[in-house]
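Here is the structure we will look at.
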Amino acid sequence: MTEKIIHQKHVTENFITHIIDEDLASKKHKNIVTRFPPEPNGYLHIGHAKSICLNFGIAADYQGTCHLRFDDTNPEKESKEYAEAIQRDIKWLGFDWQENKFHASDYFEQLYGFAEQLINKGLAYVDDQSAEDMRENRGDFNRPGINSPFRGRTADENLVLFKAMRAGEFADGAKVLRAKIDMQSGNINMRDPVIYRIRRLHHINTGDEWCIYPMYDFTHCLSDALEGITHSLCTLEFEDHRPLYDWVIDNVDIECHPQQIEFSRLNVSYTITSKRRLAQLVEQGNVDGWDDPRMSTISGLRRRGYPPAAIRDFVKQVGISKKNSVISMTILEDVIRNHLNQTSPRVMGVLHPLKVVIENYPDDQVEMLTGANHPQDESFGTREIPFSREIYVEQSDYKENANRKFFRLTEGREVRLRHAYYITCREAIKDATGNVIELRCTYDPESRGGTEDGRKVKGTIHWISAAHAEPVEVRLYDRLFNHPNPASMENFMDAVNPNSLEILPNAMLEPGIAAQEADVVYQFERNAYFKRDKTHEKDKPVFNQVVTMRDSWAKLEQQ
RNA sequence: UGGGAUGUAGCCAAGCGGUUAAGGCACCAGGUUUUGAUCCUGGCAUGCGAAGGUUCGAAUCCUUCCAUCCCAGCCA
């Protein structure tokens with residue numbers, strides 16, 4: 001059972017580990033070095049978790065190293081807040097970059113030197129064309145590009161111009177530095193890509209030191225090489241950039257040549273993992289911020305109560321390949337349930353309370369009953385639960401016209417109260433509109449502990465002593481979208497599920513649980529797993545539903 | 001119509017020329033059970049995008065075709 005959770009390796013065998021195995025066997029590398037390279041321009045989401053688990057996981061599996069490197073080459077969108085949030089999320093997921101935290105901006109001076117090398121070799125030039133002209137001259141899929149009129153500038157000329165760019169002698173956008181490759185290439189990335197642009201913006205790391213900033217394609221490969229990265233793992237959309245990645249390293253004076261390997265992004269059904277779209281949900285108020293428990297952000301998953309180990313396990317289970325895919329959310333839920341089933345103490349919580357009066361139970365009596373905190377694991381211990389004449393049960397545990405398949409309360413039927421007595425339903429009290437507002441039952445005093453005595457009692461239901469029940473707010477979550485692949489829609493906002501949050505202001509919980517200090521996930525037996533929300537307070541307890549239990553009765557009932 | 005990739009069950013995914021095509025999720029059928037939970041047992045691809053070909057032997061090699069995804073930022 002625990003094998004599902006405790007793994008020897010972080011990453012199962014895949015085409016990337018095969019490459020690494022070969023590189024190790026051929027002595028191409030002795031130590032493996034990977035990197036997770038986020039741009040600090042937003043919050044991490046479940047898609048990033050895949051990259052984090054892959055890169056840090058491979059490093060751990062091979063006794064290597066994984067660097068955290070902020071790809072901070074575009075100050076326009078980056079902030080320290082994002083950088084801090086990213087670090088918090090990685091640590092929460094259970095990974096540690098140790099002393100290996102870097103920034104692309106740490107290399108700005110070296111990068112500048114590499115650019116000068118390209119210029120000296122006649123492999124880079126300063127271009128004065130407007131952005132519009134550049135776009136026009138780049139051509140398209142069916143039309144080769146046209147050489148820039150500035151492509152023929154001499155190295156000396158380019159060197160002077162590039163220095164002047166750095167010195168701030170030109171306006172933003174007036175000039176760029178371009179790699180001189182091939183304007184006819186079928187790969188548009190190779191049609192003299194821009195490698196430096198002029199931007200007068202304050203940088204989170206270098207302040208106002210620079211007014212020119214290197215582009216991703218020039219920066220990333222060299223940062224990898226500078227750090228001695230052996231395997232640079234990125235997502236599929238960078239496949240077309242690999243020739244450029246290799247070109248830059250090959251044409252500059254540097255020994256290390258990391259191998260870029262691409263894998264497919266993680267998509268999960270009924271969710272969205274696009275910074276832009278997630279931002280839209282926040283801005284339009286569909287959710288309660290970036291860490292709303294319905295969000296696929298790491299902070300959302302954390303607030304929701306998903307165990308980080310389960311997320312790691314999830315990433316491991318879905319595997320690594322190059323195939324575009326949408327992973328079923330049921331896999332995520334399965335792995336969450338697996339972890340929680342083994343780690344969550346059981347407790348009774350009534351979500352939709354219905355009062356039950358046990359007519360033959362003494363009015364002033366209170367008994368303490370013992371309940372196991374985990375049905376399969378004695379190490380969880382036991383607790384004392386108060387029982388009295390008036391209790392709450394779940395509204396759905398009573399049905400007026402029930403067939404034989406219904407094991408719960410209906411007139412004349414006997415059920416077992418979890419950890420307590422057998423009770424038999426005698427009468428349902430209704431209000432003026434016909435709603436059942438109270439059940440009158442009798443109990444069997446001989447059945448304390450719910451002992452078997454030959455009677456056929458199939459149903460066991462949870463309950464709370466009314467006098468001891470602690471009211472709590474419970475928040476139930478459903479999928480945020482009604483469409484399995486919202487990202488594929490014309491307008492994903494049309495798929496937003498209007499009923500993704502249900503607040504139950506008057507759920508009832510066993511005494512003592514809401515006030516506990518420990519930040520644990522509880523199983524409210526027969527309902528779901530719950531964890532306190534960040535807004536939880538002792539006098540205003542709030543619990544989030546992490547994930548429901550499997551419910552084969554619900555399936556049966558639908559038929 | 002250019003370039004780059006990918007197609008194994010409803011969703012993922014092993015497989016790397018040689019027994020009846022791993023495993024997980026989902027689904028179905030049983031068993032156990034003081035959670036209709038958990039757990040256990042069984043079922044679930046004569047088939048690997050399609051068609052040809054090579055071979056004693058093909059998901060694995062070759063050819064052609066089809067489908068899907070990515071690329072025309074001074075974003076990453």
Side-chain angles (χ1 to χ4, degrees), chain A residues 1 4 12-14 18 37-39 41 71-74 76-77 127 129-131 134-135 138-145 172-178 184-191 193-199 213 215-217 219-220 234-243 262 264 269 275 317-335 337-338 341-342 346 348 371-372 374-376 405-408 415-420 422 449-452 457-462 484 523-528 548-557:
Chain A
M1 183 162 80
K4 281 187 179 171
T12 47
E13 225 182 284
N14 61 61
H18 290 333
E39 183 186 14
N41 71 342
D71 228 336
D72 54 352
T73 56
N74 182 8
E76 202 174 330
K77 302 183 285 185
D127 195 340
Q129 289 183 104
S130 66
M134 267 190 60
R135 192 189 316 122
R138 188 159 30 232
D140 56 40
F141 296 151
N142 306 306
R143 189 166 49 98
D172 285 13
K175 287 178 167 44
V176 293
L177 184 69
R178 289 228 255 171
Q184 270 80 248
S185 174
N187 181 348
I188 291 174
N189 291 302
M190 300 298 269
R191 318 241 262 229
V194 171
I195 56 177
Y196 267 93
R197 76 281 222 189
I198 304 173
R199 277 292 116 86
Y213 291 97
M215 300 286 288
Y216 165 85
D217 283 308
T219 307
H220 200 92
C234 61
T235 41
L236 252 24
E237 68 270 26
F238 291 102
E239 278 174 323
D240 287 344
H241 294 244
R242 180 157 25 93
E262 311 84 14
S264 60
S269 63
K275 225 166 267 177
Q317 281 203 27
V318 301
I320 304 292
S321 77
K322 289 178 76 97
K323 184 178 146 190
N324 281 310
S325 60
V326 179
I327 274 68
S328 165
M329 205 169 62
T330 58
I331 297 180
L332 215 207
E333 291 179 342
D334 173 70
V335 84
R337 288 191 185 107
N338 262 323
N341 178 45
Q342 294 176 57
R346 272 58 172 179
M348 291 193 286
H374 194 292
Q376 277 90 233
K405 289 274 181 61
F406 187 78
F407 304 151
R408 288 111 93 149
V415 305
R416 176 162 39 218
L417 294 178
R418 181 81 163 141
H419 301 128
Y422 288 176
T451 331
E452 281 293 351
V457 179
K458 291 215 71 170
T460 299
I461 65 174
H462 59 282
Q523 184 193 102
F524 291 9
E525 284 189 297
R526 301 210 306 132
N527 272 320
T548 60
M549 322 254 316
R550 278 201 189 79
D551 190 353
S552 59
W553 166 244
K555 277 183 203 163
L556 244 184
E557 208 179 16

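Each chain gets a letter, A, B and so on, in the order its sequence line appears, and its residues count up from 1. Side chains included, hydrogens not; waters and symmetry mates left out as well; all remaining heavy atoms used.
Across all strands shown, A:L556 has heavy atoms under 4.0 Å from base atoms, whether or not it also approaches the sugar-phosphate. Within 4.0 Å (heavy atoms only), A:H18 reaches at least one base atom of the nucleic acid. A:Q184 comes within 4.0 angstrom of no nucleic acid atom, judged by non-hydrogen atoms across all strands. Contacts of A:R143 with the nucleic acid, taken as non-hydrogen atoms under 4.0 Å apart, are absent. Contacts of A:K555 with the nucleic acid, taken as non-hydrogen atoms under 4.0 Å apart, involve only primed sugar atoms and P, OP1 or OP2. A:N142 comes within contact range of at least one nucleobase, with a heavy-atom separation under 4.0 Å. Residue A:V335 is classed as having no contact, given no heavy-atom separation below 4.0 Å to the nucleic acid. Contacts of A:T235 with the nucleic acid, taken as non-hydrogen atoms under 4.0 Å apart, are absent. A:P37 comes within contact range of no nucleotide atom at all, as no heavy-atom separation falls under 4.0 Å. Residue-level contact check: A:F524 touches neither bases nor backbone, having no heavy atom under 4.0 Å from any strand. At the heavy-atom level, A:I320 lies under 4.0 Å from the strands shown only through sugar-phosphate atoms. A:E13 comes within contact range of the sugar-phosphate backbone alone, with a heavy-atom separation under 4.0 Å but no base atom that close. Counting any heavy atom pair closer than 4.0 Å across all strands shown, A:V194 reaches sugar-phosphate atoms only and no base atom.
Taking 4.0 angstrom as the limit, A:R346 places none of its side-chain polar atoms (N or O) nearer than this to OP1 or OP2 of B:A37. Note on A:K322: every side-chain N or O is 4.0 Å or more away from OP1 and OP2 of B:C69. For A:S321 and B:A13, the shortest distance from a side-chain N or O to OP1 or OP2 is below 4.0 Å. OP1 or OP2 of B:A76 sits under 4.0 Å from a side-chain N or O of A:T73. An OP1 or OP2 oxygen of B:G4 is reached within less than 4.0 angstrom by no side-chain nitrogen or oxygen of A:R242. Side-chain N/O atoms of A:R526 include one lying less than 4.0 angstrom from OP1 or OP2 on B:G36. Taking only side-chain nitrogens and oxygens, A:T12 never comes nearer than 4.0 Å to OP1 or OP2 of B:A13. Taking 4.0 angstrom as the limit, A:R191 places none of its side-chain polar atoms (N or O) nearer than this to OP1 or OP2 of B:G73.
When only modelled atom types and interatomic distance are considered, A:D140 and A:N142 share no side-chain donor-acceptor pair under 3.5 Å. In the model, A:R526 has a side-chain atom that pairs as donor or acceptor with a side-chain atom of A:H462 under 3.5 Å. No side-chain N or O of A:Y213 forms a donor-acceptor pair with one of A:R199 less than 3.5 Å apart.
You'll find the side chain of A:P193 stays beyond 4.5 Å of the side chain of A:M215, heavy atoms only. The shortest side-chain heavy-atom distance between A:H374 and A:Q376 falls under the 4.5 Å cut-off.
For the atom pair CZ of A:F406 and CG of A:L556, the computed distance is 12.0 Å after rounding to the nearest 0.5 Å.
Comparing the P positions of B:U68 and B:G73 gives an interatomic distance of 24 Å, to the nearest angstrom. Comparing B:U41 with B:U46, their P atoms are spaced 25 Å from each other, to the whole Å. Taking atom C1' on both B:A45 and B:C11, the two are 15 Å apart, rounded to the nearest angstrom. Across the P atoms, B:U64 and B:C69 are found 23 Å apart, a figure rounded to whole Å. Between B:G47 and B:C39, the two C1' atoms lie 33 Å apart (nearest whole Å). Across the P atoms, B:A50 and B:A59 are found 11 Å apart, a figure rounded to whole Å. Taking the P atom of each, B:C61 and B:A72 are spaced 32 Å apart, rounded to whole Å.
Between A:H220 and A:Y216, the angle of the ring planes lies from 30° to 60°, which puts this pair in the tilted group.
The CD-C1' distance, from A:Q376 to B:A37, rounds to 9 Å in whole Å. One can place CG of A:D217 at 17 Å from P of B:G4, the figure rounded to the nearest angstrom. Counting to the nearest Å, the P atom of B:U35 and the CD atom of A:Q342 are 18 Å from each other. The CD1 atom of A:I327 sits 15 Å away from the P atom of B:A26 (whole-angstrom rounding). Spacing between atom CG of A:N527 and atom P of B:A37 amounts to 14 Å, rounded to whole angstrom units. Whole-Å rounding puts the A:R197 CZ to B:C74 C1' distance at 7 Å. Between A:M348 atom CE and B:A37 atom C1' the separation is 15 Å, expressed in whole Å. Going from atom CG of A:N341 over to atom P of B:G36 covers 14 Å, rounded to whole Å.
Listed for the A:T235 side chain is no donor-acceptor partner under 3.5 Å among the backbone atoms of A:E237.
For the salt bridge (charged side-chain N to carboxylate O under 4.0 Å, His left out) test, residues two or more places apart in sequence or in another chain that qualify with A:D334 are A:R550.
For A:R418, whose side chain is taken as the heavy atoms from C-beta onward, the closest listed nucleotide among B:C75, B:C12, B:U35 is B:U35. Checked against B:C74, B:C12, B:A26, the side chain of A:V176 finds its nearest nucleotide in B:C74. Picking from B:G4, B:A76, B:G36 the nucleotide with the shortest atom distance to the side chain of A:N74 gives B:A76. For A:D71, taking side-chain heavy atoms from C-beta onward, the closest of the listed nucleotides B:U35, B:A26, B:A76 is B:A76.
In this structure B:C75 sits in no base pair that meets the Watson-Crick or G-U test at under 3.5 Å. In this entry B:U35 has no Watson-Crick or G-U wobble partner, no candidate having both defining distances under 3.5 Å. With a 3.5 Å ceiling on both atom-pair distances, the Watson-Crick or G-U wobble partner of B:A29 is B:U41. For B:G7, the paired base is B:C66 (Watson-Crick or G-U wobble, both distances below 3.5 Å). B:G47 is unpaired under the Watson-Crick or G-U wobble criterion, no partner having all donor-acceptor distances under 3.5 Å. The partner of B:A14 is absent, by the rule that a Watson-Crick or G-U pair needs both atom distances under 3.5 Å.
Taking only distance into account, the side chain of A:R199 meets the base of B:C74 through a donor-acceptor pair shorter than 3.5 Å.
The residues A:E557 and A:K405 are annotated as not salt-bridged, no charged nitrogen and carboxylate oxygen being separated by less than 4.0 angstrom.
A residue-by-residue look at A:I198 and A:Q523 shows that A:Q523 has its nearest nucleotide of RNA chain B further toward the 5' end. Mapping A:W553 and A:S328 onto RNA chain B by nearest heavy atom places A:S328 closer to the 5' end of the strand.
A:I188 and A:R138 get closest at one heavy-atom pair: CG2-CD, 3.8 Å.
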Would you please test A:Q317 and A:V335 for side-chain contact (heavy atoms from CB on, under 4.5 Å) and show each step? CA-CA 9 Å; A:Q317 281 203 27; A:V335 84; 3.9 Å; yes
Hey, what are the protein-to-nucleotides 70-72 of chain B N/O distances that come in under 3.5 Å?
unit_1: B:A72; atom_1: O2'; unit_2: A:R138; atom_2: NE; d: 3.3

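Regarding the sugar-base torsion, B:G42 falls in the anti class, its angle being beyond 90° of 0.
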